[in-house]
Amino acid sequence: MSRTSAQSQSPADSPTAAPEVPVDSSLTPGLKQRHLSMIALGGVIGAGLFVGSGTAIAAAGPSIILAYAISGALVMLVMRMLGEMSAAYPSSGSFSVHSERAIGSWAGFTAGWSFWFLLCVAVGLEGLGAAGIVHGWVPGVPEWAWVALFMLVFCGTNLAAVKNFGEFEFWFAALKVGAIALFLVIGVLAILGVLPGTDAPGMSNLTGHGGFMPNGSEGLIVGLLASVFAYGGLETVTIAAAESEHPVQGVVKAVRTAMWRIGIFYVGSMAVVVALLPWTAKEIPAKGPYVATLDHLGIPAAGQIMNVVVLVALLSAMNANIYGASRMAGSLVSRGLGPKALGAISGGVPRVAVLTSSVFGFVCVLLSYWRPDDVFMWLLNTIGAIILVVWFFIAVSQLILRRRLEREAPEKLVVRMWAYPYLTIVALIAMAGVFVLMAREAGTRDQLLWTGGLTLILAITGYARQKFGAPKEVATPQD
């Protein structure tokens with residue numbers, strides 16, 4: 001493997017310090033637009049929606065609709081900002097590259113490795129959730145064995161050519177999207193009293209059982225925090241754009257369509273659930289809101305069918321998260337912000353980065369064997385508020401890069417942030433507000449501390465590399 005050396009340069013000193021190439025040239029452009037659109041959905045429709053939302057409903061009651069709407073609006077702003085920068089500078093490093101370009105290499109280092117860690121842990125979480133479902137069908141096989149099987153399959157999928165990953169994810173995500181769309185149709189028919197064997201519930205479940213906000217603002221806050229983290233994963237589409245046939249057009253279309261689709265799926269789903277079922281129903285957190293709702297409607301075998309869909313959703317998210325983690329790691333290494341060994345690319349795929357990004361998933365095999373009862377919550381605490389840290393870097397980077405683009409390359413602004421800079425500032429204030437809410441809540445304070453500690457360590461390490469490190473050694477991969 002040959003290497004070329006490039007001096008590290010602060011973006012403040014040189015606005016064009018980051019690479020100007022539109023894509024990572026060593027990666028194979030094997031993804032089509034249909035792949036990108038589904039990847040945008042596949043990475044986010046997972047445990048957060050199908051499993052975690054049940055606990056959020058139990059805490060917030062019907063006001064979960066408001067919680068998901070508020071957090072959904074914030075996500076739309078973040079994705080618009082990210083879409084603006086990614087259309088101007090497509091890269092598999094996405095917001096990490098933008099942060100480096102706008103703020104400095106320490107920011108790119110912190111944002112990139114934080115997100116890599118988040119995705120690696122998420123792979124384990126999705127694997128544990130999927131294993132729990134299959135174990136219920138085949139109790140004779142322990143959960144850790146299923147986690148091991150899923151990891152082997154998806155590690156292998158990501159080691160293959162990227163077009164194979166894209167096709168795999170396309171059908172996975174298509175099934176999820178179709179199932180949720182069908183759920184929404186059935187739910188609306190039931191709410192209207194048109195579905196055979198059902199009576200229109202009216203507003204009884206939305207205003208009864210303690211009212212729309214039965215647990216007051218505290219319950220709404222818990223639901224809001226849960227919904228914010230459920231949206232994490234949309235960023236993967238801007239990472240995948242670097243390996244598409246037309247990266248700029250691909251990311252523009254994917255970002256625009258993903259935003260409203262996710263809003264309908266998340267907010268619409270929550271509205272259907274709390275309109276049809278009392279929020280106090282124990283089945284919601286126990287079975288999950290989708291299965292509980294379909295069972296309540298008495299649709300034959302619908303609950304088990306939905307369990308299959310939930311399983312597919314979890315497996316899809318595993319697949320997308322391994323992909324996103326490996327590409328982020330590869331991008332960081334190519335910019336001299338990580339161990340050179342991870343930069344090896346073979347057949348257009350960063351296979352060492354794929355294997356490294358899958359390691360934690362395999363560690364979860366052992367964790368699920370040793371600590372099957374509490375490993376899920378422990379892992380959830382370790383990733384805490386990382387997605388908010390990433391969003392914060394995205395917003396700050398967009399504030400800086402937008403002015404630079406308007407001054408130096410306005411033709412690259414094919415996507416523009418709405419009402420710049422005001423809505424960007426509003427988004428930053430909202431993120432700061434979520435951090436404050438997390439600090440207030442006993443259930444999320446530990447997550448904030450974990451995330452704060454990790455971010456601080458990465459920021460100090462990244463700044464030390466920027467300030468005192470040797471010139472960047474950028475790997476030039478060979479096939």
Apply side chain to side chain contact (heavy atoms under 4.5 Å, CB included) to L401 and R404, showing your working. CA-CA 5 Å; L401 289 182; R404 192 177 298 172; 3.7 Å; yes

Parallel, tilted or perpendicular: which describes the rings of F172 and F154, with under 30° parallel and over 60° perpendicular? tilted

Would you say the side-chain atoms of S63 pair up with the backbone N or O of M213, donor to acceptor, closer than 3.5 Å? no

Sub-4.5 Å side-chain heavy-atom contact between S357 and L119: no

All heavy atoms of I64 vs all of A56, minimum pair found to be CD1-CB, 3.6 Å

Under 6.0 Å from the CZ atom of F212, do we count more than 12 heavy atoms belonging to anything else shown? yes

Minimum heavy-atom separation for L206 to P62, with atom names? O-CG, 3.6 Å

What residues, two or more places apart in sequence or in another chain, satisfy salt bridge (Lys or Arg N to Asp or Glu O under 4.0 Å) together with R440? E218

Please confirm whether the backbone N or O of R416 pairs with a side-chain atom of R80, one donor and one acceptor, at under 3.5 Å? yes

For A60 and G223, the nearest pair of non-hydrogen atoms, with its separation, is CB-CA, 4.1 Å

Distance, nearest 0.5 Å, that separates CD1 of I394 from CZ of F95: 6.0 Å

What's the verdict on side chain to side chain contact (heavy atoms under 4.5 Å, CB included) for Y323 and T157, showing C-alpha distance, side-chain angles and the deciding distance? CA-CA 9 Å; Y323 169 83; T157 299; over 6 Å; no

Sorted by chain and number, sequence neighbours left out, ring-ring contact (aromatic ring centres under 6.0 Å, His included) with F435 holds for none

Would the distance check show the side chain of E126 and the main-chain N or O of M318 forming a donor-acceptor pair, the cut-off being under 3.5 Å? no

Could you tell me the separation between the CE atom of M431 and the CD1 atom of I387, rounded to the nearest 0.5 Å? 10.0 Å

Residues in ring-ring contact (aromatic ring centres under 6.0 Å, His included) contact with W116, at least two apart in sequence or another chain: W113

Closest approach of L159 to R351 (non-hydrogen atoms, all atoms of both residues): O-NE, 2.7 Å

Is there a side-chain contact between W279 and N215, using heavy atoms and a 4.5 Å cut-off? yes

Enumerate the salt bridge (Lys or Arg N to Asp or Glu O under 4.0 Å) contacts for residues 59-73, please, sequence neighbours excluded, ordered by first and then second residue. none

Just by distance, do the side chain of S334 and the backbone of S331 share a donor-acceptor pair under 3.5 Å? yes

Taking the side chain from R335 and the backbone from G108, do they hold a donor-acceptor pair closer than 3.5 Å? no

Using modelled atom types and a 3.5 Å cut-off, is there a donor and acceptor pairing between side-chain atoms of S316 and backbone atoms of V312? no

Nearest 0.5 angstrom please: T461 OG1 to L337 CG, how far? 12.0 Å

Show me the pairs that pass side-chain hydrogen bond (donor to acceptor under 3.5 Å, both in side chains) and involve residues 421-435, at least two apart or across chains. Q398-T424

Is a donor on one side and an acceptor on the other found under 3.5 Å between the side chain of S227 and the backbone of L224? yes

Sub-4.5 Å side-chain heavy-atom contact between L454 and F117: yes

Just jot down the side-chain contact (heavy atoms from CB on, under 4.5 Å) partners of A130, sequence neighbours excluded, or say none. F150, L311, L314, L315

Which residues pass the salt bridge (Lys or Arg N to Asp or Glu O under 4.0 Å) test with R402, not counting sequence neighbours? E84, E406

Nearest-0.5 Å distance, CD1 of residue I284 to CD1 of residue I57: 5.0 Å

Does a side-chain heavy-atom distance below 4.5 Å link I264 with L184? yes

Taken to the nearest 0.5 Å, the spacing of S94 OG from M85 CE works out to 7.5 Å

Only one of I322, N321, V153 passes side-chain contact (heavy atoms from CB on, under 4.5 Å) with N158, and that residue is I322

For the residue pair A313 and K176, what are the closest heavy atoms and their distance? CA-CD, 3.0 Å

Hey, does the side chain of R465 reach the backbone of G336 with a donor-acceptor pair shorter than 3.5 angstrom? yes

Not counting sequence neighbours, which residues clear side-chain contact (heavy atoms from CB on, under 4.5 Å) with V396? List them please. I103, F392, I400, L428

Residues A427 and L77: closest non-hydrogen pair is CB-CD1, 4.1 Å

Residues passing the side-chain contact (heavy atoms from CB on, under 4.5 Å) test with S114, sequence neighbours excluded, are T110, I386, L458

Parallel under 30°, tilted from 30 to 60°, perpendicular over 60°: which one fits the rings of W106 and F393? perpendicular

Does the side chain of R327 reach to within under 4.5 Å of the side chain of P350, using non-hydrogen atoms? yes

Not counting sequence neighbours, which residues clear side chain to side chain donor-acceptor pair (under 3.5 Å) with S326? List them please. none

Which pairs with one or both residues in residues 113-124 pass salt bridge (Lys or Arg N to Asp or Glu O under 4.0 Å), sequence neighbours excluded? none

Is the side chain of Y420 donor-acceptor paired with the backbone N or O of L399 at a distance under 3.5 Å, no angle test? yes

Can you find a side-chain donor-acceptor pair between Y290 and S269 that sits under 3.5 Å? yes

Those residues that, when tested against A409, pass side-chain contact (heavy atoms from CB on, under 4.5 Å) (two or more places apart): L405, E411, K412

Donor-acceptor side-chain pairing of H98 and S86 below 3.5 angstrom: yes

F468 side, atom CZ; Y463 side, atom OH - distance, nearest 0.5 Å: 7.0 Å

